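Notes to accompany the following structure.
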Amino acid sequence: MRMSQLFGKTSKTEGADYKIASHRLLTQAGFIRESTAGRYYLLPLGLRVHDNIIKVVRKHMDAAGAQELVMPTLHPLELWQETNRTTTTGFELMKVADRRGAEFALGGTAEEMAVDLVRKFNISYKDLPFNIYQFSLKFRDEMRARGGLLRVREFVMKDAYSFGTEAQFKQTYQQMWDAYAAIFKELGLNTDVVAADNGYIGGEYCHEFVSESETGESRYFIDPASGYAAHEDVATFQIENKNVDEVLQEMKPVEAKRGTTMEDGVKLHDMPLWQQIKDVLYFDEATKRYVLAIIRGDFDVNETKLIQAAKAYDLRSATEEEIRDDLGSEPGFISPVAFAKKGKKSGHEVIIVTDRSLRTIRNAYGGANKKDADLLNINIDRDFKPDVEADIALAQPGMKSPDGGELIEKRGIEVGNIFQLGYHYSNLMNGAEYTDDSGKRQKYYMGCYGIGIGRTMAAIVEAHHDSKGIIWPEAIAPFKVYLARLGDEPQVVEAADNLYKDLTQKNVAVLYDDRDERPGGKFADADLMGIPYRLVVSERTISEDKFEVKARQSAQPQLVTKEEVIEILAPTSKGQV
RNA sequence: CGGGGUGUGGCGCAGUUGGCUAGCGCGCGGCGUUCGGGACGCCGAGGUCGGAGGUUCAAGUCCUCUCACCCCGACCA
């Protein structure tokens with residue numbers, strides 16, 4: 001490609017709104033351009049990188065036995081209704097109607113479509129397992145797009161869906177895990193694989209592939225000693241027993257003129273924070289129930305875990321009015337002891353979820369559902385009974401991992417995800433069945449696997465750049481070589497043109513800078529665009545009948561002959577004729 | 001959706017308490033001198049001041065509404 005003809009320009013000035021390195025660099029170097037928030041033009045340079053990433057992903061997916069296909073972008077809305085996802089997705093579903101009024105969802109993920117496709121065939125156990133995937137534009141009406149390509153409203157995702165038996169699934173999941181590890185390694189990303197929450201996708205477990213980065217939105221914990229890694233949503237930790245040997249004391253009400261914070265309680269009673277009971281009241285809009293979370297005072301509630309434990313969907317904090325008028329308690333003085341079973345006015349049911357940490361303390365203290373009144377010596381089972389007992393605590397840095405090491409907090413960009421779906425979709429969708437070896441109909445055991453291509457591109461830039469610009473790993477660079485022609489003397493032009501032709505004929509992707517620019521500008525652009533190798537042709541080099549080569553990251557250029565250039569950039573492997 | 005902020009040529013900005021043909025730097029076009037880490041001179045093109053309505057003799061500047069975008073939070077590949 002001749003740079004004089006390349007559409008898209010580099011820019012010397014930085015956009016003021018670009019807070020994130022990848023956003024700024026990709027824009028400045030002419031790879032992307034914003035349309036509106038969260039929607040981007042991929043310019044020729046950007047598309048080349050995007051395509052290269054797709055090639056790497058495809059190679060490893062195919063090697064893992066997955067098969068590529070393409071699904072429609074407009075999904076019949078009935079399919080989403082079949083799985084109740086018109087209301088429960090984490091992202092806003094975008095809808096369109098055709099001229100007859102038939103409604104479609106703009107695809108944001110395609111589990112229903114995959115199942116619908118598969119059930120159109122007569123599948124036998126002999127066909128299992130199989131894994132189908134596509135690269136396609138996904139639409140998500142994100143509440144807030146941000147960070148350039150990191151979080152957008154339209155993006156290409158590789159999404160794969162596996163179908164098989166429960167017994168087969170373990171291997172499929174592992175194959176995808178391994179394929180992902182190989183993909184991100186080839187793309188130059190070091191990823192941590194962390195256990196995470198399935199969220200609206202459904203299923204029981206999943207893993208995120210996270211590229212460590214300060215700009216990332218995922219918070220997770222690792223135990224370097226054991227390799228334990230889990231997203232903050234699901235991270236668990238060991239809890240030490242406190243005063244479990246203490247004799248149970250009689251519960252007694254006391255006056256408590258205090259503020260409403262945990263600290264106020266600690267001060268008033270002069271007792272440790274851990275012995276206080278923390279009560280947090282939520283309301284689930286989906287099931288119209290109150291959820292009272294009870295936890296040891298030195299821990300915080302993890303809402304994701306709470307949602308799982310309470311089988312809730314859409315938790316919000318209860319309002320002061322609800323606490324007082326509907327449930328007859330008092331903000332800051334809530335207690336599980338004799339807590340209302342139902343809202344007086346609303347009739348909404350209350351369920352009490354206690355954290356396992358309550359088993360590590362005795363004779364706890366806390367509110368009494370009345371203003372300025374506390375209870376001492378509260379004990380689980382004797383004084384109140386939980387409806388659900390679970391781990392609903394939020395992990396914090398420094399806590400003890402399940403394997404005994406210390407939890408270290410990290411931040412990263414979630415570039416890929418693998419989900420176990422189990423029977424989630426085959427239970428919800430009719431006919432998601434195959435015929436087993438005894439002729440009986442059986443439900444599919446499924447998984448799904450996503451990689452955001454554009455986000456991966458941004459993550460690579462986040463991981464590979466310096467003060468001058470991007471440093472693309474060779475596997476995905478838009479061009480392998482940047483060829484600068486300095487000067488326009490006929491012999492320089494001829495030498496540069498010839499080198500460009502020769503390399504191109506050997507299938508080396510060359511960006512030939514034939515512009516009438518000064519050397520400084522050309523070098524700055526080459527660095528900004530991050531092309532792995534830089535070649536220079538000038539009077540100085542051709543006077544010695546040589547060319548200058550420099551890798552993007554090395555400081556020292558080398559003067560070499562044309563044969564050496566070709567050997568470096570288009571090596572002929574031994575044995576090849 | 002909640003909180004904070006910004007909208008003036010492609011990019012970065014200035015524009016005082018309302019006042020004349022709306023400026024500056026970069027970039028862009030032409031000519032000339034230059035040419036190994038973003039040169040210089042001269043000439044030139046390019047702006048419904050986000051949009052609508054209002055106040056006023058007069059609005060980029062004041063008022064109302066609205067839209068877009070950015071940052072922080074709830075959500076994700």
Side-chain angles (χ1 to χ4, degrees), chain A residues 8-20 23-24 27-28 30 33-39 53 57 88-92 108-110 135-160 180 184 196-201 206 208-211 216-218 231 233 303-304 307 314-317 412-419 448-459 468-469 484-489 492 515-528 534 536-541 548 550 555 557:
Chain A
K9 283 176 187 292
T10 58
S11 168
K12 221 196 301 193
T13 43
E14 305 181 356
D17 282 340
Y18 308 142
K19 316 282 180 198
I20 291 173
H23 188 193
R24 177 173 61 80
T27 305
Q28 237 184 299
R33 190 75 184 213
E34 191 176 69
S35 164
T36 58
R39 302 181 204 279
I53 294 171
V57 173
T88 60
T89 45
F91 55 89
E92 285 297 305
T109 175
F135 293 95
S136 74
L137 209 48
K138 295 288 180 286
F139 296 84
R140 296 187 181 181
D141 197 2
E142 292 286 347
M143 306 189 198
R144 186 184 158 207
R146 85 183 94 183
L149 259 27
L150 285 178
R151 184 175 193 74
V152 296
R153 298 197 167 106
E154 281 186 37
F155 60 98
V156 173
M157 179 164 80
K158 183 283 300 173
D159 46 328
Y180 273 37
F184 293 119
D197 181 61
N198 288 48
Y200 67 86
I201 298 278
C206 72
E208 292 181 355
F209 284 69
V210 183
S211 173
E217 300 180 82
S218 279
H231 189 97
D233 289 346
E303 289 184 21
T304 303
I307 284 172
D314 188 14
L315 287 185
R316 62 160 172 84
S317 295
I413 302 166
E414 183 190 338
V415 287
N417 216 326
I418 55 179
F419 290 89
C448 74
Y449 320 88
I451 293 178
I453 306 299
R455 181 183 281 185
T456 298
M457 183 165 151
K468 292 175 176 173
R485 186 187 76 199
L486 304 188
D488 54 3
E489 297 79 2
V492 173
R515 297 174 304 166
D516 181 22
E517 274 291 322
R518 295 165 59 82
K522 292 194 173 184
F523 295 154
D525 278 347
D527 289 339
L528 182 60
R534 188 183 83 191
V536 176
V537 182
S538 68
E539 264 197 318
R540 194 192 286 181
T541 65
E548 183 186 294
K550 187 181 94 67

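All figures in this text were calculated on a predicted structure; none of them were measured in a lab. Proteins come first, then strands; the chains are lettered A, B, ... in the order of their sequence lines, and each starts at number 1.
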Expressed as a whole number of angstroms, how long is the span from [X]:[atom1] to [N]:[atom2]?
X: R39(A); N: A68(B); atom1: CZ; atom2: C1'; answer: 13 Å
X: E303(A); N: A74(B); atom1: CD; atom2: P; answer: 9 Å
X: R144(A); N: G4(B); atom1: CZ; atom2: P; answer: 15 Å
X: F209(A); N: A77(B); atom1: CZ; atom2: P; answer: 13 Å
X: D17(A); N: C13(B); atom1: CG; atom2: P; answer: 8 Å
X: E142(A); N: A77(B); atom1: CD; atom2: C1'; answer: 9 Å
X: I20(A); N: C70(B); atom1: CD1; atom2: C1'; answer: 11 Å
X: M143(A); N: A74(B); atom1: CE; atom2: P; answer: 11 Å

Original post:
Do D197(A) and T304(A) have side-chain atoms, one donor and one acceptor, less than 3.5 Å apart?
Top reply: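 There is no such pair between these side chains.
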Original post:
Does R455(A) count as lying over the ring of F155(A), i.e. NZ or CZ under 6.0 Å from the six-ring centre, within 45 degrees of the axis?
Top reply: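 Here R455(A) fails the 6.0 Å and 45° test against F155(A).
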**OP:** Please test K138(A) against S136(A) for side chain to side chain donor-acceptor pair (under 3.5 Å), starting from the C-alpha separation and ending with a verdict.
**Re:** CA-CA 6 Å; K138(A) 295 288 180 286; S136(A) 74; 2.3 Å; yes
Original post:
How close do H231(A) and S218(A) get, heavy atom to heavy atom, and via which atoms?
Top reply: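 Result for this residue pair: CE1-OG, 3.7 Å.
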Using purine N1 to pyrimidine N3 plus N6-O4 or O6-N4 for Watson-Crick, or N1-O2 and O6-N3 for G-U wobble, both under 3.5 Å, which nucleotide pairs with [N]?
N: C57(B); result: G19(B)
N: C42(B); result: G30(B)
N: G73(B); result: C1(B)
N: G7(B); result: C67(B)
N: C35(B); result: none
N: U48(B); result: none

Integer angstrom distance from the [atom1] of [N] to that of [M]:
N: A58(B); M: G2(B); atom1: C1'; result: 41 Å
N: U16(B); M: C11(B); atom1: C1'; result: 26 Å
N: U21(B); M: G60(B); atom1: P; result: 11 Å
N: A52(B); M: U61(B); atom1: P; result: 12 Å
N: A22(B); M: G37(B); atom1: P; result: 42 Å
N: C28(B); M: G23(B); atom1: P; result: 23 Å
N: C57(B); M: U64(B); atom1: C1'; result: 23 Å
N: G46(B); M: G10(B); atom1: C1'; result: 10 Å

**OP:** At under 4.0 Å between heavy atoms, which parts of nucleotides 26-39 of chain B does protein reach? Answer with one letter per nucleotide, 5' to 3': B base, S sugar-phosphate only, - none.
**Re:** SS------BSBBBB
Subject >> Rounded distance (nearest 0.5 Å) linking atom CD1 of I451(A) with atom CZ of F184(A) >> reply: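 So the gap between those two atoms works out to 4.0 Å.
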Original post:
Measuring from D17(A):CG to R24(A):CZ, what's the distance to the nearest 0.5 Å?
Top reply: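 Between D17(A) CG and R24(A) CZ, I get 13.0 Å after rounding to 0.5 Å.
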Original post:
Taking for each residue the nucleotide of RNA chain B with the nearest heavy atom, is it L150(A) or E34(A) whose nucleotide lies nearer the 5' end?
Top reply: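 Residue closer to the 5' terminus by nearest nucleotide: E34(A).
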**OP:** Determine whether any donor atom in the side chain of R455(A) lies under 3.5 Å from an acceptor atom in the base of C76(B), or the reverse, and answer yes or no.
**Re:**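 By the distance-only test, yes, there is a pair.
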Subject >> Touch class at under 4.0 angstrom, heavy-atom based, for Y180(A) against every strand present >> reply: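 No contact at all - Y180(A) keeps every heavy atom at 4.0 Å or more from the nucleic acid.
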Original post:
Under 4.0 angstrom, heavy atoms only, what part of the nucleic acid is T36(A) near: base, sugar-phosphate, or nothing?
Top reply: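 It contacts sugar-phosphate atoms only.
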Subject >> Results of side chain to side chain donor-acceptor pair (under 3.5 Å) for K522(A) - residues two or more places apart only >> reply: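 None.
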**OP:** State plainly whether the residues E217(A) and R146(A) are in salt-bridge range, i.e. N to O under 4.0 Å.
**Re:**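 So E217(A) pairs with R146(A) through a salt bridge.
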Original post:
Does the distance from a Lys or Arg side-chain N to an Asp or Glu carboxylate O, for R140(A) and E154(A), drop under 4.0 Å?
Top reply: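 Salt bridge between R140(A) and E154(A), a charged N being under 4.0 Å from a carboxylate O: no.
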**OP:** Kindly say if R146(A) contacts the phosphate of G73(B), meaning a side-chain N or O under 4.0 Å from OP1 or OP2.
**Re:**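 Checking G73(B) against R146(A), a side-chain N or O does come within under 4.0 Å of OP1 or OP2.
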